Trainee: 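Dropping a structure here in structure tokens format, bear with me for questions.
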Number of protein chains: 2
Amino acid sequence: MAESIVSAPASLPAETSLAERFAVWQDLGLDPHHCPVRDVLDHLGDKWTTLIIAVLAGGTRRFGAIQRAIPDISKRMLTQSLRDLERDGLVARRVYPTSPPSVEYSLTPLGETLLAPLAALVAWAERNHPAIRAARTRFLAEA
Amino acid sequence: MAESIVSAPASLPAETSLAERFAVWQDLGLDPHHCPVRDVLDHLGDKWTTLIIAVLAGGTRRFGAIQRAIPDISKRMLTQSLRDLERDGLVARRVYPTSPPSVEYSLTPLGETLLAPLAALVAWAERNHPAIRAARTRFLAEA
DNA sequence: CCGTATCCGGATGGATACTG
DNA sequence: CAGTATCCATCCGGATACGG
């Protein structure tokens with residue numbers, strides 16, 4: 001997919017509002033290749049990625065250990081999610097050619113920089129979880 | 001769905017690490033009803049929600065205005081996403097019974113509290129977008 | 001132990017047409 | 001203008017079985 005030559009806009013200062021950032025993406029036609037929400041966050045939003053990052057936030061883990069930490073993930077989805085994270089440079093995979101083989105996963109330095117903003121969002125979710133559930137109940141009661 | 005009587009754990013201080021938070025959810029069996037990642041963030045992770053919030057971060061908007069701001073969203077998906085946000089108490093919907101009718105959407109106070117952590121995550125995505133794209137290219141080159 | 005391969009059901013989401 | 005209704009293709013993700 002011969003990438004466009006248009007370079008991404010210079011990154012804005014950290015305190016830039018969401019609304020201002022949106023205006024920039026909009027000028028680029030919300031092209032998914034230049035819209036970080038679509039190109040990066042959509043990935044974090046899938047069913048398992050955030051949970052896996054939370055596990056790896058605790059340190060290097062083996063494949064089986066991650067699977068035990070998230071009881072209802074299948075090997076298929078765990079492998080695929082880890083591959084995607086590796087592909088994006090957030091997770092490192094190290095294979096030890098022992099028998100039976102063992103494979104260790106850990107966050108890369110890039111992956112570690114994600115922890116702070118992600119933890120802030122998760123903290124928001126925890127703090128407001130009761131309010132959100134209350135809103136849902138109220139909404140249902142009106143229908 | 002007669003809700004369980006087990007109350008959610010008291011919320012942890014803001015600086016608590018992801019790994020520590022995960023341990024708490026895990027003790028509850030990662031039950032989706034008590035895991036904010038699953039009950040709240042999964043919702044934010046769907047295809048349009050974050051973009052819609054970014055638009056509303058700029059102020060109250062009418063249905064048509066939101067649709068024009070996000071060129072490739074269908075009316076169907078916009079309606080559905082807005083309903084979900086309204087249901088969770090993040091967005092308010094106000095109908096003016098004019099002819100033709102006009103409907104305004106805006107963030108609720110609860111919705112506004114989401115802007116700061118969300119903007120931080122988006123800022124991370126913007127800043128590291130080039131590094132992530134580079135990692136993808138590297139990954140492809142090895143296969 | 002750490003995967004891959006295959007199959008398949010259900011959810012997601014786009015296109016289109018219609019309504020108050 | 002702001003939806004709803006319907007149909008339909010695609011994709012996500014679970015179950016199972018097999019391989020290095």
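Reminder, nothing fancy here: chain letters follow the sequence lines and each chain counts from 1. Because the structure is a prediction, the values reported are computed rather than measured.
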Trainee: Nearest whole Å is fine: how far is dC1(C) C1' from Arg76(A) CZ?
Mentor: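 Value for this atom pair: 20 Å.
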Trainee: Is the phosphate of dC2(C), meaning OP1 or OP2, less than 4.0 Å from a side-chain N or O of Arg93(A)?
Mentor: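 No, Arg93(A) has no side-chain N/O under 4.0 Å of OP1/OP2 on dC2(C).
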Trainee: Any side-chain N or O of Tyr105(B) below 4.0 angstrom from OP1/OP2 of dC1(D)?
Mentor: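 So the side-chain polar atoms of Tyr105(B) never come under 4.0 Å of the phosphate oxygens OP1 or OP2 of dC1(D).
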Trainee: What is the distance, to the nearest angstrom, from the CZ atom on Arg62(A) to the P atom on dC1(C)?
Mentor: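 Answer to the nearest Å: 8 Å.
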Trainee: Cut-off 3.5 Å, side chains only: do Asp39(A) and His129(B) have a donor facing an acceptor?
Mentor: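 Judged by distance alone, the side chains do pair up.
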Trainee: I'd like to check Tyr105(A) versus Leu85(A) (side-chain heavy atoms, cut-off strictly below 4.5 Å). Are they in contact?
Mentor: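 No, their side chains stay 4.5 Å or more apart.
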Trainee: Here's a test of your reading of the structure: between Leu82(B) and Pro101(A), which maps to the more 5' nucleotide of DNA chain D?
Mentor: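 With Leu82(B) and Pro101(A) compared, the 5'-side residue is Leu82(B).
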Trainee: Whole angstrom is fine here: how far is it from CE in Met77(A) over to P in dC2(C)?
Mentor: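 Going from CE in Met77(A) over to P in dC2(C) covers 18 Å.
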Trainee: Could you give the distance from CG (Leu30(A)) to CD1 (Ile73(B)), rounded to the nearest 0.5 Å?
Mentor: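 Leu30(A) CG to Ile73(B) CD1: 10.5 Å, rounded to 0.5 Å.
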Trainee: Once you round it to whole Å, what is the distance between C1' of dA2(D) and CD of Glu104(B)?
Mentor: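 Distance, rounded to whole Å: 13 Å.
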Trainee: With a 4.0 Å cutoff (strictly under), does any side-chain N or O of Ser102(B) reach OP1 or OP2 of dC1(D)?
Mentor: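 The answer is no; no side-chain N or O of Ser102(B) sits under 4.0 Å from OP1 or OP2.
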Trainee: How long is the line joining CZ of Phe63(B) and P of dG3(D), in whole Å?
Mentor: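 So the CZ-P distance, Phe63(B) to dG3(D), works out to 5 Å.
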Trainee: Need to verify one output field. Residue with the more 5' nearest nucleotide on DNA chain D, Pro100(A) or Trp48(A)?
Mentor: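 By nearest-heavy-atom nucleotide position, the 5'-most residue is Trp48(A).
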Trainee: Tell me: CZ of Arg83(B) to P of dA2(D), nearest whole Å?
Mentor: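 Those two atoms, CZ and P, are 12 Å apart.
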Trainee: Under 4.0 Å, counting only non-hydrogen atoms across every strand here, what does Tyr96(B) touch: a base, just sugar-phosphate, or nothing?
Mentor: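 Here Tyr96(B) touches no strand at all.
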Trainee: Let me confirm one number: the OG-CG distance from Ser17(B) to Leu115(A), rounded to the nearest 0.5 Å.
Mentor: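 Result: 8.5 Å between the selected atoms.
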Trainee: Expressed in angstrom and rounded to an integer, what is the separation of Asp84(B) atom CG from dG3(D) atom P?
Mentor: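 Result: 14 Å.
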Trainee: Kindly give the heavy-atom pair with the smallest separation between Leu51(A) and Cys35(B), and that separation in Å.
Mentor: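 Taking Leu51(A) first and Cys35(B) second, the nearest heavy atoms are CD2-SG, 4.2 Å.
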Trainee: Provide, to the nearest angstrom, the distance between the NZ atom belonging to Lys75(A) and the C1' atom belonging to dC1(C).
Mentor: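 Those two atoms, NZ and C1', are 9 Å apart.
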